[in-house]
Amino acid sequence: MSTPAADTAYGVAEDAEIAARASALTKAYGSGDTAVLALDAVDVAIGRGRFTAVMGPSGSGKSTLMHCLAGLDTVSAGRVWLGETEITGLNERELTRLRRDRIGFMFQSFNLLPTLSAAENITLPLDIAGRKPDREWLERVIGTLGLGDRLKHRPAELSGGQQQRVACARALASRPELIFADEPTGNLDSRSGLDVLRFLREAVDELDQTVVMVTHDPGAAAHSDLVLFLADGRIVDAMPQPTAETVLERMKRFDTIATSATSAPSRKS
Ligand code: ADP
Ligand code: MG
C-alpha cells in the first residue's frame with residue numbers, strides 16, 4: 001500500500017502496514033504575538049505492530065504530536081489518519097467513539113481512581129462504554145503484567161510500578177489498535193520503569209499491539225524499534241534499532257545545537 005505521506009514521512013518503510021499517520025500536521029496554540037507553533041507541518045507514519053519512541057527536548061511538541069495523532073486535540077492544519085480512518089474532520093462524538101474503541105492511553109501520572117480496586121480501574125473504560133470485556137484477553141494482559149494477585153487492591157495499596165502496570169492494563173483492556181504512552185516511566189524508579197518497558201515490549205511482540213511512547217530516557221527508548229526525534233515542532237531524525245548509547249550520542253548533538261542557539265531569542269518560556 002502506498003500513501004502520499006508514507007513517501008516522505010519519517011517513520012516506517014514504504015511497504016510497512018501503517019497504524020497511524022499525519023500529513024503536514026500543524027498545531028498552533030494561541031494567536032497573535034503569543035502564538036506558539038507546537039507542530040510545524042509534521043509528516044509521520046507509525047508502523048503497525050511496532051514500538052515507536054518519540055524523543056526531543058522539553059517543549060519540542062512530543063505531547064502535542066501524541067494528542068493530535070490520538071484525536072485528543074484538534075489540529076490547526078494538515079491531516080491525521082488512524083488506520084484507514086481520517087480523524088481530522090470527525091465531529092466530537094465520532095472522535096469520542098474512536099478514542100474509546102480504538103486507542104489506549106498511558107500517562108506519566110497514572111490517573112487511577114482511588115476508590116476503585118485495580119480490577120475496577122482496569123475495566124472502567126469498558127464499563128463506561130457499556131462493553132463486556134473479552135475475559136480471555138483480559139486475563140492474558142493481567143497475567144503478562146503480573147497483576148493477578150493485586151486485583152482487589154486499591155491504588156494507594158500498590159507501589160508506583162504496580163499502579164503504572166494497572167494503567168497499562170487499562171490501556172490494553174479494550175485491545176486497542178494503538179497505545180499512546182506519554183512518559184509512562186517518568187514517575188517510576190528504574191526497577192519499576194523497567195517492568196513497564198518490558199511489558200510494553202511484550203505487548204508488541206506477544207500481543208501484536210502497536211505502541212507509541214514519549215520518553216526522555218535513552219534507556220527507555222532503547223526498548224523501542226524506532227526512535228523519532230523532535231525539535232521545535234519538527235521531526236528531525238529517525239533511528240531504527242536504537243540502543244541507549246546511540247540514542248544518548250544523538251541527544252548530545254541536540255544539546256550542542258541548543259547551546260549554540262541560546263543567543264537567539266527563544267520562543268519557549
Ligand atoms: P513536549 O511534550 O515535547 O514537552 P508539548 O507538546 O507539551 O512539548 O508543547 C509544545 C509547545 O506547545 C510548547 O512550547 C508548549 O509550551 C506549547 N503548548 C503545549 N500545550 C499548550 C497549551 N494548551 N496552550 C498553549 N501552549 C501550549
Ligand atoms: Mg510532554
Side-chain angles (χ1 to χ4, degrees), residues 9-11 20-44 46 51-80 87-88 92 95 99 103-111 164 167-168 171 178-188 193 196-197 200 211-221 223-224 226-239 242 247-248 250-259 261-262 264-269:
Y10 276 110
R21 69 187 170 95
S23 171
L25 168 56
T26 299
K27 176 70 183 181
Y29 290 107
S31 58
D33 284 351
T34 58
V36 171
L37 193 56
L39 293 175
D40 186 4
V42 169
D43 293 324
V44 69
I46 304 295
F51 187 171
T52 303
V54 178
M55 300 191 84
S58 179
S60 58
K62 304 180 295 295
S63 293
T64 305
L65 176 63
M66 255 193 32
H67 294 165
C68 289
L69 287 177
L72 274 174
D73 207 346
T74 57
V75 310
S76 303
R79 301 168 75 185
V80 178
I87 68 173
T88 30
E92 196 45 54
L95 269 181
R99 284 194 301 260
I103 291 175
F105 296 99
M106 285 175 74
F107 298 97
Q108 186 169 346
S109 50
F110 322 127
N111 290 328
Q164 190 60 305
C168 192
L178 194 46
I179 293 165
F180 290 100
D182 198 348
E183 306 208 27
T185 58
N187 280 335
L188 300 177
V196 169
L197 291 164
L200 289 173
V211 174
V212 179
M213 174 183 75
V214 171
T215 182
H216 58 261
D217 173 7
H223 290 258
S224 73
L226 177 79
V227 184
L228 301 174
F229 293 96
L230 255 83
D232 285 336
R234 292 181 187 173
I235 297 180
V236 293
D237 204 358
M239 180 188 287
V247 171
L248 192 59
R250 186 66 188 84
M251 284 167 73
K252 280 187 195 154
R253 281 198 274 145
F254 279 121
D255 288 344
T256 318
I257 294 163
T259 312
T262 43
S266 169
R267 67 194 180 89
K268 291 193 291 284
S269 56

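Just follow the structure's listing: the first ligand is 1, and inside any ligand the first atom is 1. The analysis underlying the following values was restricted to heavy atoms, covering all of them including side chains, and did not include hydrogens, waters or symmetry mates.
Inter-residue side-chain proximity for Ser224 and Thr52 is flagged as unmet; no heavy-atom pair is nearer than 4.5 Å. The closest side-chain heavy-atom distance from His223 to Leu200 is not below 4.5 Å. Using a 4.5 Å heavy-atom cutoff, the side chains of Leu228 and Asp237 are not in contact.
Ligand 1 is approached by Ser60 to a heavy-atom distance shorter than 4.0 Å. Taking 4.0 Å as the cut-off, Ser58 counts as a neighbour of ligand 1 on heavy-atom distance.
Shown here are the side chain to side chain contact (heavy atoms under 4.5 Å, CB included) partners of Asp182, two or more places apart in sequence or in another chain: Ser63, Met66, His67, Phe107, Val214.
Protein N/O/S atoms closer than 2.8 Å to the Mg ion (ligand 2), listed by chain and residue number, are Ser63 OG.
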Practice task
Might you work through the side-chain contact (heavy atoms from CB on, under 4.5 Å) test for Val247 and Arg250, ending with a clear yes or no?
Solution key: CA-CA 5 Å; Val247 171; Arg250 186 66 188 84; 5.6 Å; no
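Pairs of residues two or more places apart, or lying in two chains, never qualify as salt bridge (charged side-chain N to carboxylate O under 4.0 Å, His left out) while including a residue from residues 58-72.
Taking CE of Met106 as the start and OG1 of Thr185 as the end, the distance is 9.0 Å to the nearest 0.5 Å. Rounding to the nearest 0.5 angstrom, the gap separating the CG atom in Asp43 from the CD1 atom in Ile235 is 8.0 Å.
Residue Ala38 approaches ligand 1 through these ligand atoms, each under 4.0 Å from one of its heavy atoms: 10 (C), 11 (C), 12 (O).
When Pro57, Gly30, Gly59 are ranked by how near their heavy atoms come to atom 10 (C) of ligand 1, first place goes to Gly59.
Here's the thing with Gly61: one of its N/O atoms is less than 3.5 angstrom from an N/O atom of ligand 1.
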Donor-acceptor list for residues 69-77 side chains, cut-off 3.5 Å, not counting sequence neighbours:
from: Asp73; atom 1: OD1; to: Lys27; atom 2: NZ; distance (Å): 3.2
from: Asp73; atom 1: OD2; to: Tyr29; atom 2: OH; distance (Å): 3.1
from: Thr74; atom 1: OG1; to: Lys27; atom 2: NZ; distance (Å): 3.4
from: Ser76; atom 1: OG; to: Ala28; atom 2: N; distance (Å): 2.8

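At a heavy-atom cutoff of 4.0 Å, ligand 1 is contacted by both the backbone and the side chain of Thr64.
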